J.: 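Have a look at the structure that comes next, please.
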Number of protein chains: 4
Amino acid sequence: MSALTFGAGIWAFGQIVDRYATDGYGPSRTMSEMLDLAASVDGLECLDINVPFADGVSKTSELAAALAERGLRARAITPHLYTREFVKGAFTNPDPAVRERAVERVHEAVAVARELGAGYVKFWPGQDGFDMPGQADYARLWDLTVSAIRELASAHPDVQFAIEYKAKEPRVRITLSDAARTLLAIEEAGQPNVGIVMDFGHSLLAGETPAEAVQLVHRRGRLVSVELNDNWRGWDDDLPVASVHLFETIEYLLAVRRIGWSAPVLLDQFPFREDPVRALSQSIATIRMLEQVCDRVDLDELRDAQERQDALRAQALLWSALGAARETAGAAGEATGTARETAGAAGEATGTGTARET
Amino acid sequence: MSALTFGAGIWAFGQIVDRYATDGYGPSRTMSEMLDLAASVDGLECLDINVPFADGVSKTSELAAALAERGLRARAITPHLYTREFVKGAFTNPDPAVRERAVERVHEAVAVARELGAGYVKFWPGQDGFDMPGQADYARLWDLTVSAIRELASAHPDVQFAIEYKAKEPRVRITLSDAARTLLAIEEAGQPNVGIVMDFGHSLLAGETPAEAVQLVHRRGRLVSVELNDNWRGWDDDLPVASVHLFETIEYLLAVRRIGWSAPVLLDQFPFREDPVRALSQSIATIRMLEQVCDRVDLDELRDAQERQDALRAQALLWSALGAARETAGAAGEATGTARETAGAAGEATGTGTARET
Amino acid sequence: MSALTFGAGIWAFGQIVDRYATDGYGPSRTMSEMLDLAASVDGLECLDINVPFADGVSKTSELAAALAERGLRARAITPHLYTREFVKGAFTNPDPAVRERAVERVHEAVAVARELGAGYVKFWPGQDGFDMPGQADYARLWDLTVSAIRELASAHPDVQFAIEYKAKEPRVRITLSDAARTLLAIEEAGQPNVGIVMDFGHSLLAGETPAEAVQLVHRRGRLVSVELNDNWRGWDDDLPVASVHLFETIEYLLAVRRIGWSAPVLLDQFPFREDPVRALSQSIATIRMLEQVCDRVDLDELRDAQERQDALRAQALLWSALGAARETAGAAGEATGTARETAGAAGEATGTGTARET
Amino acid sequence: MSALTFGAGIWAFGQIVDRYATDGYGPSRTMSEMLDLAASVDGLECLDINVPFADGVSKTSELAAALAERGLRARAITPHLYTREFVKGAFTNPDPAVRERAVERVHEAVAVARELGAGYVKFWPGQDGFDMPGQADYARLWDLTVSAIRELASAHPDVQFAIEYKAKEPRVRITLSDAARTLLAIEEAGQPNVGIVMDFGHSLLAGETPAEAVQLVHRRGRLVSVELNDNWRGWDDDLPVASVHLFETIEYLLAVRRIGWSAPVLLDQFPFREDPVRALSQSIATIRMLEQVCDRVDLDELRDAQERQDALRAQALLWSALGAARETAGAAGEATGTARETAGAAGEATGTGTARET
């Protein structure tokens, strides 16, 4: 099994602000400083980079050089479609002139992506939606969304586009909120070169099971990028990988492996109160460790337990692979791997279970 | 605008139990008693009826007579696919024999539906899903779901089927959880005679905006039934219509009207602690009143406000139609209907707003 | 019944930023411009003002003059305890020097409050909490919180302090998250001059029933301020009053009236995409209209319905008062006000109900 | 460190029903069969037993003998206060006669508790609350709740009572919803012999951090019982321990240890689709394994990391103790235990960290 490789959203290394700490959660940094930090994260190979660029770089060629110098490359280009002029929407803005500027900004991003050899241009329509009941003509928002996707994708048939869905923030409610709705919009747009960025945290926020959603997107042939991070399910906290949801992350990595994912896994983190280099390094180390856990999962036994819907057994296999559940396995009779649903029969298990983990 | 007509799930009139009040929230009732209650609800014309039948009726012909006698008819037939033998799933049960029994039960429901002239057979796969992380092979659950839909729909090409999606309960997490995922499953099944039951409360539970979801389903040509009730968004409380979400219900009714819905609207309520006849009568009265509210909404002005994303204006129009916002309109300057985004300009409105509501 | 008076957080008139639209949701404004806008909101009499002041004012006396000039006054002073230096907490910051600066900033706010004659100094410890499981010594966070409250309140026994609780944002999870926990902290601090700011939206976010929480806080003698706004329950959206939760807002106003509230009601809104003057004007107009609705509620009948737990009747009374439910009342038999729990008896009501609303 | 001991709610071994699978999730069982199953769970020593008893036992003395025979004992007695006659509330029922019957049932439970030597009588007022906005007089519900607690506790000053709070289910919203509110009610009741049952899952459902809540309850001297299970935060799923929330469970066990808990830990599970003996055995095995994890946590280092709010370091210590994070520790530089907030410095760590886990 070849190891995963890693990228990150460059914003993790910039200054983060919010509506309260308007003076920023850390120092302001130039593009050059941000790239220095990115380069110092062990295992980080590529970046998702916003257009327009952060301060300190004006031409794409400069950025290309700065990346190359540090052994980094552009994995994705994300046009800023959610800044002040787009707060009432980019693709769905009520003002046609603003919609036009959004389209132009995507064209600009495409040019950058071509020059940097990025794998895809990302749409993150975070201001496209509404705020209050009664406010929106949903059918119109949908039409405008689909039309914009179609127009842009058909204008650049050789470029891969990918939509990162999200249920909310910054818009109170966002139109492309989850994987299935975004698949429907993409399929309605009818262009082959548009897919999905499956962000683990956005999937949790949407109420999805991330490991399920990533397979659903893959099944429709629309999986373009895989992103990891974590949150508490109620907001896009953009925390380090598996800082909250361990089993869901293992499951997700197993699903990513199952579909044969070989492109980089991107980290979309906002280390508000942490050093970004440490925060991202720890996430990569966590994923590498969890890949070893995945290596130790007995997939045949897991499939068997899943097929029988033996939830206790399936979980015991994950605990065992984690190296933490040996005693559980024996004590709970999980070692035999047989369904024992007759009442009272919990004690017969004797397996030492030692063979499985090492 | 022709008025809506109404139906209800027959379970509203039966004895409800849960895991705590196992002795029931009210008296046990025979089918005949349940039908008597249903017939006494003003405006209630049709029912969604479970197969197997409740106690007291054994043959479909008997039921047909009992319905006719009371001026009721069957709108839908819902096979019990979530009782004890199906607690690990109906269409996705690990045991092929159980899956086969689920299919047989649907065949049985089809026969009843034909005999009673019901509009559709409903699938509500509430036990098809999983409980814990790691337990499920999601791709397999999806495959089994799609296959079952395809098999059943193709076996009865003249029968309309409809899936009622739900995010959870009784299964901790249900595979067909929301509108978009269910549309994807239906489209993958590839049969024309399968659609969706859009239950307002299930839509809230799924984190959707019901008025948006119903238009999305309609857009794909898959809207088979519309159901109303209410809840607190975190659980399928099955409360009376608009008891919690007034504006969302108005929006939903406007959407239902916009797509030209002419079939009955069904009430899916569980009146745990209320008299079922009063609870359903009040819901119908509420909808009728809200239809008058919808009549009073100035749709041109609403469309205009929505197109400009003037949320304050759009909401003011709904308040006005509700008959409750006249003073608001004037005081907040809503009467002019023009966008006034220049800072400080709130005071110019003078309209008494009296013309709009009558 | 004397009418409510109104205030607002001054931040509604300033430039809002978030982590995406870092260039702001509207223009930057000086204190003077913000005050001009505030003064143009019909019915707005007082403000909650942050210390340090916004740009354009350096001395308290200047601000006092600017307020007086515009017929405004300071209702509350809120020290910025959540800006960059406090992102790991103000009262619970790991660094004692930062904790000391937080205390000093409160002293500074007290001086401003005295000079402006503000009713209270507000603590909003939005960065005091944690981000990930395992990170925090909760007992220590609690100790530090209680100690800081005690120290500050006892240092200024003649000043009223009030804590605005919130479950999350900006900290991923905040220590003083809801009304009851905050009451416990206040009571443990043991000072009489500390109370609570009951923000309707924060109450929803905490999973509370706002009308219940405000009575609980009042019962313990700790209610210092009442704030209104609205949200979707999952985040502090700071939307206009009753834009989402109409019945809950009516209930809240009834509760506020019941406890004899006579101080101003404050609006805590963030009009990201709306003109602030319109957004706040509309909220005030909404509350005024809902006060009339409250006037029309037959409180004796409501109390009777509540005492009998006749939920349908209680809701019907609110609908009637809203002026929107006359037909409901008749159709559902609510007009008689008697419990009719015998099955089938829904039709007897005849009351036209017309007397109540006009 | 002495090991934890274990008990369980006896309902885990009975037949579970819900509003859909009204024919039950498994076979019906007599009290004797339930006790047989309980006795077969390795490590299970005591039970929380409902009054009235399940079928098959009529006298307390019989039950005492049946328990003794199997080496079990009663840890708690829980009167059924949520069955049909109490669906509109037990202590807050609108009908004084029903409130009286609730009180009598508690007296009955006290008698059983005395005879069986149970540690406490549990109140679980799951039907005491409301369903819809506008329905309830919250102050009255609170008064009735506090009065009932006071009356019952003062009637039996030698008996320990404990309230198990819960936010919802079966009532749509329950009055005693979380730890802090329940503490306030208890303190208002003013009796020393009333405390709290801290159920991990109910704490998650209430939006609390369980490890924080248990310390808060202990701090007020009101912790009577500790229960473990798990859920998805949105409902009381009553799943096996740590099946969803691993780190939160570790944290909780560390908190339980920190406060010196020596009484049994109770398992409150509803194994809808699992063999109850396996499900509970696995939970006990999980806790035992996690106790070893707790043994391996370097508490001095954890305290140090927490005091510095070094979230990454604190989590790394938990991962290490879990035996799963060795590589992480090294790779992310966590082994040194020093704060390294200077940008870019992530690589210096070298510690093998091997000493800690074994």
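Given the structure is predicted, the values throughout are model-derived calculations rather than measurements. Below, chains carry the letters A, B, ... as their sequence lines are ordered, and counting in each starts from 1.
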J.: Are the side chains of D:Trp319 and A:Met289 in touch, meaning some heavy atoms are under 4.5 Å apart?
T.: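 Yes - at least one pair of side-chain heavy atoms lies under 4.5 Å apart.
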
J.: Please state whether the side chain, the backbone, both or neither of D:Ala39 comes within less than 4.5 Å of a heavy atom of chain A.
T.: neither

J.: Does a salt bridge link D:Arg273 with A:Asp310, judged by any charged N lying under 4.0 Å from a carboxylate O?
T.: no

J.: Classify the ring geometry between A:Phe200 and A:Tyr252 as parallel (under 30°), tilted (30 to 60°) or perpendicular (over 60°).
T.: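 Aromatic pair A:Phe200/A:Tyr252 classed perpendicular.
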
J.: Highest number of heavy-atom pairs under 4.5 Å with chain A: which of D:Gly43, D:Pro240, D:Ser243?
T.: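 Most heavy-atom pairs within the cutoff with chain A belong to D:Ser243.
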
J.: What part of D:Glu248 gets closer than 4.5 Å to chain A, counting heavy atoms only: side chain, backbone, both or neither?
T.: side chain

J.: With a 4.5 angstrom heavy-atom cut-off, which part of D:Leu290 approaches chain A: side chain, backbone, both or neither?
T.: side chain

J.: Which answer fits A:Ala242, side chain, backbone, both or neither, if we ask what part of it has an atom under 4.5 Å from a heavy atom of chain D?
T.: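 Both backbone and side chain.
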
J.: Say you draw a straight line from CZ of A:Arg29 to CD1 of A:Ile10; how long is it, rounded to the nearest 0.5 Å?
T.: 11.5 Å

J.: Using distance alone, with no hydrogens and no angle criterion, decide if A:Arg70 and A:Ser32 have a side-chain donor and acceptor under 3.5 Å apart.
T.: yes

